[in-house]
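Below is one structure; the comments refer to it alone.
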Amino acid sequence: MKNRELADIFDKMADILEFKGENPFKISAYRKAARVLKDLTEDIEKLSQQGKLKDLPGVGSGIAKKIEEYLQTSRMSKYDEVKEEVSDELIELLRIPDLGPKTLALLHKETGIKNMAELEEALQSEQVRALPGMGAKKAENILRGIRLIKEGKGRIPLGTALPLVEEVVELMKKKGIVREIFPAGSLRRCRETIGDIDLLATGKDGTKIIEEFTHLPLVTEVLAAGKTKGSVITHGGFQVDLRVVPKVSFGAALQYFTGSKAHNIRLREIAKSRGLKINEYGVFRQEERIGGRREEEVYQILGLPWMPPELREDRGEIEAAMQASLPSLIELADIKGDMHVHSNWSDGSASLEELAEGAKRLGYQYLLITDHSAAIKIAGGLSPEELLRQIEEIRGLNQELEGITLLAGTEVDILPDGSLDYPDELLEKLDVVVAAVHSGFKQDLRTMTKRILGAIENPRVDIIAHPTGRIIGEREPYAVDLSEIFSRAAATGTALEINAYYGRLDLSDTNCREAKRRGVKLVISSDAHQLHQLHWMRLGVAVARRGWLEKGDVLNTLPLKELLNSLKG
DNA sequence: GCCGTTTTCGGCCCGACTGTTTTCAGTCG
């Protein structure tokens, strides 16, 4: 499928034309085509053969021609032409928050900067202050953006790493030469971002296993290939390591490579105090191996129960294990419905019917439809009239649907003054009200906190979505006094969301653990904008597990009736 | 570059916020 390649080219074209100050509508036409191609499930080549390219929304004669040219010749002359005088490095700088095409073009023209290092240097010089529209604050903001990008670099979002690893595991299993193969490391612990991707396997022929591994189709570069360890770079530039370990050590190795480092140090200390030794090869008394085939043994020998990897951060799990008070963590199968989903009434791509069917396939009992409110025009926010129509449509659909109930809701904007974007009379007609901040991220701590408390104190608001607004590696949480949010949320019975979108995961693991401690009820929601994104729920559950949450802490583990009784509104 | 019951030209979602200005440009969603 060339869908993705074409989408990337159109996105890149849009970037370049933006930098060049081209017609903004032409630019958004390219962006739209790119998005449509990314979402497209059919093969673009097939559509092209059938002469159906122009049936796609956002694809007219110009873009259809370019697609055909690329499919036939693997080139796109227009793309080759526009990228002539700009380097990839320069265009990449547009990913820096607070640095847009206009400012980049200005800086490039006036100071000659061509890459991030030169940009950073220029921003620290007096010279840029003299440029029109540039001041100290602006330079400072861009420099902060650069720092954010640099910090995020090298770490892969969990939501990107998981599918990649699952693909590798599937491919290796199909080869029939590995006995066991499991991910380890921070991925197994479900950290929100992953450094290296580590896999462990057992099998007869280590050399053969590594050879098959380094020749997988998604491998672009082989860094190392021996008889116990292979290391490759995959499409997308991710490093994946595979270690082949003896069967008798598999459990110990899995435990060792899963970490975290801090957790392992604690285990080794306990072992040592009992005259034992733990390493990646097993558990030993003197020279005698007394365990290590299975991971459970490592813990058992220390008198501890096996612990879910999500807990292994040395955040109190070892003490809890000693007191036999480890939490019984929530599981994906506990989730009875999704509480934050966008349909094609606003900026989602699936219809209400498709979403209902998708939710039903996941075994859900209910699905809360939460399209944007009017203030977010860009995302097709619903006017009060449209929302009324949607409510009616949902009520009608529920007459026809079997085995799933659609709930009428909204993701209503919390406006900068703390008021909501819909009147109370309208909110009262909904089954569930989700409220969220989407603008004015730079308000100071007191203003922002008061703003969100405004929504929490509103008796009609059931849930606050993505409470801190952070985007991993891109945007810091806004300044908000979470402690105060937690106490008022607990006092009013307002639930807080764990947003499962891989770039948000908001509340974070530690925040939701604290929320639980403070008596706040939580919900886990996918924030899906496309049908397949309903699967993101698993990432939210992973965060909840890292936050020590149990089934009883999460409202959407309840059957429909109890859920509605437990929500504030 | 797309689109069309306002249909082959001319409009295309636009408001809030920030930082720069002294009425506005750039960025974001």
Side-chain angles (χ1 to χ4, degrees), chain A residues 6 9-11 13-37 53-67 69 76 78-79 81-82 93-107 123 128-145 148 342 345-348 371-383 386 411 413-419 421 436-444 447-448 451 465-466 469-471 474-476 478-479 501 503-504 527 529:
Chain A
L6 278 159
I9 290 178
F10 287 134
D11 257 333
M13 291 248 275
D15 284 341
I16 295 170
L17 296 182
E18 203 162 27
F19 172 77
K20 290 185 171 180
E22 269 266 11
N23 177 356
F25 298 110
K26 189 192 280 195
I27 292 160
S28 43
Y30 280 125
R31 291 225 190 275
K32 175 161 188 201
R35 201 195 65 229
V36 167
L37 283 168
L53 286 182
K54 285 166 80 174
D55 291 354
L56 291 171
V59 177
S61 54
I63 287 181
K65 249 191 196 158
K66 291 180 176 66
I67 293 175
E69 188 200 350
M76 197 184 291
K78 177 77 180 181
Y79 176 54
E81 184 194 313
V82 297
L93 298 179
L94 287 173
R95 288 188 304 120
I96 299 168
D98 282 330
L99 177 64
K102 297 281 159 58
T103 310
L104 180 61
L106 176 78
L107 289 169
L123 286 169
V128 294
R129 306 281 152 76
L131 297 175
M134 285 295 302
K137 271 275 174 58
K138 200 159 172 182
E140 207 176 288
N141 283 340
I142 298 171
L143 283 169
R144 196 184 53 219
L148 265 178
H342 296 270
W345 283 64
S346 68
D347 60 349
D371 280 308
H372 287 290
S373 65
I376 312 190
K377 291 225 166 47
I378 186 86
L382 270 53
S383 69
E386 286 171 315
E411 182 182 9
D413 235 54
I414 306 173
L415 301 172
D417 64 359
S419 68
D421 193 27
V437 166
H438 291 104
S439 63
F441 299 129
K442 290 184 180 165
Q443 287 181 335
D444 63 55
T447 313
M448 182 60 89
R451 176 179 178 188
H466 41 75
R470 66 108 174 235
I471 307 283
E474 286 177 31
R475 188 171 73 205
E476 313 247 27
Y478 28 70
Y501 167 57
R504 287 195 184 269
D527 200 356
H529 286 68

Separation of [N] [atom2] from [X] [atom1] (nearest whole Å):
X	N	atom1	atom2	answer
A:Glu18	B:dG26	CD	P	12 Å
A:Leu37	B:dG1	CG	P	15 Å
A:Leu56	B:dG1	CG	C1'	15 Å
A:Ile9	B:dG1	CD1	P	15 Å
A:Arg144	B:dC28	CZ	P	12 Å
A:Leu94	B:dT27	CG	C1'	12 Å
A:Lys54	B:dC3	NZ	P	9 Å
A:Lys32	B:dG1	NZ	C1'	11 Å

Distance, [atom1] atom - from [M] to [N], rounded to whole angstrom:
N	M	atom1	answer
B:dT20	B:dG15	P	25 Å
B:dC9	B:dC14	P	24 Å
B:dA16	B:dG11	C1'	24 Å
B:dT18	B:dC12	C1'	26 Å
B:dT6	B:dC2	P	23 Å
B:dT23	B:dC17	C1'	16 Å
B:dC13	B:dT22	C1'	30 Å

* Structure fact -> Reading nucleotides 11-20 of chain B from 5' to 3' and marking B where a protein heavy atom lies under 4.0 Å of the base, S where only the sugar-phosphate is that close, and - otherwise, the string is -BB--SSSSS

* Just name whichever nucleotide pairs with B:dT8, Watson-Crick or G-U, keeping both distances under 3.5 Å, else none. =>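 Matched B:dT8 with nothing under the 3.5 Å cut-off.
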
* Hey, could you give me the CD/CG distance between A:Gln443 and A:Asp417, rounded to the nearest 0.5 Å? =>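 So the gap between those two atoms works out to 9.0 Å.
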
Pick base, sugar-phosphate or nothing for [X], based on heavy-atom distances below 4.0 Å to the nucleic acid.
X	value
A:Ser28	nothing
A:Lys66	sugar-phosphate
A:Ile376	nothing
A:Leu99	sugar-phosphate

* Does A:Thr103 offer a backbone N or O that forms a donor-acceptor pair with the side chain of A:Lys138 under 3.5 Å? ->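 No, because the side chain of A:Lys138 does not come within donor-acceptor range (under 3.5 Å) of the backbone of A:Thr103.
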
* Please step through side chain to side chain contact (heavy atoms under 4.5 Å, CB included) for the pair A:Phe10 and A:Lys66, ending with a clear verdict. => CA-CA 10 Å; A:Phe10 287 134; A:Lys66 291 180 176 66; 4.3 Å; yes

* Name of the residue among A:Leu415, A:Leu382, A:Ile414, A:Ile376 meeting side-chain contact (heavy atoms from CB on, under 4.5 Å) with A:Asp421 ->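 Considering A:Leu415, A:Leu382, A:Ile414, A:Ile376, a side-chain contact (heavy atoms from CB on, under 4.5 Å) with A:Asp421 is found only for A:Leu415.
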
* Assign each of A:Arg129 and A:Ile63 to its nearest nucleotide of DNA chain B by heavy atoms, then name whichever residue's nucleotide is nearer the 5' end. =>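 It is A:Ile63 whose nearest nucleotide is closer to the 5' end.
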
* Between A:Ala379 and A:His372, what is the shortest heavy-atom contact and its length? ->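 Distance-wise, the nearest heavy atoms are CB-CD2, 3.5 Å.
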
* Give the minimum heavy-atom separation between A:Ser439 and A:Asp413, together with the two atoms involved. =>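 Closest heavy-atom pair between A:Ser439 and A:Asp413: OG-OD2, 4.4 Å.
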
* Asked: Can you name the salt bridge (charged side-chain N to carboxylate O under 4.0 Å, His left out) partners of A:Lys442, sequence neighbours left out?
  ->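 A:Asp98.
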
* Of all residues at least two apart in sequence or in a different chain, which pass the salt bridge (charged side-chain N to carboxylate O under 4.0 Å, His left out) check with A:Asp15? ->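 Salt bridge (charged side-chain N to carboxylate O under 4.0 Å, His left out) list for A:Asp15, sorted by chain: A:Arg31.
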
* B:dT27 phosphate, OP1 or OP2, under 4.0 Å from A:Thr103 side-chain N/O ->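 For B:dT27, OP1 or OP2 has a side-chain N or O of A:Thr103 closer than 4.0 Å.
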
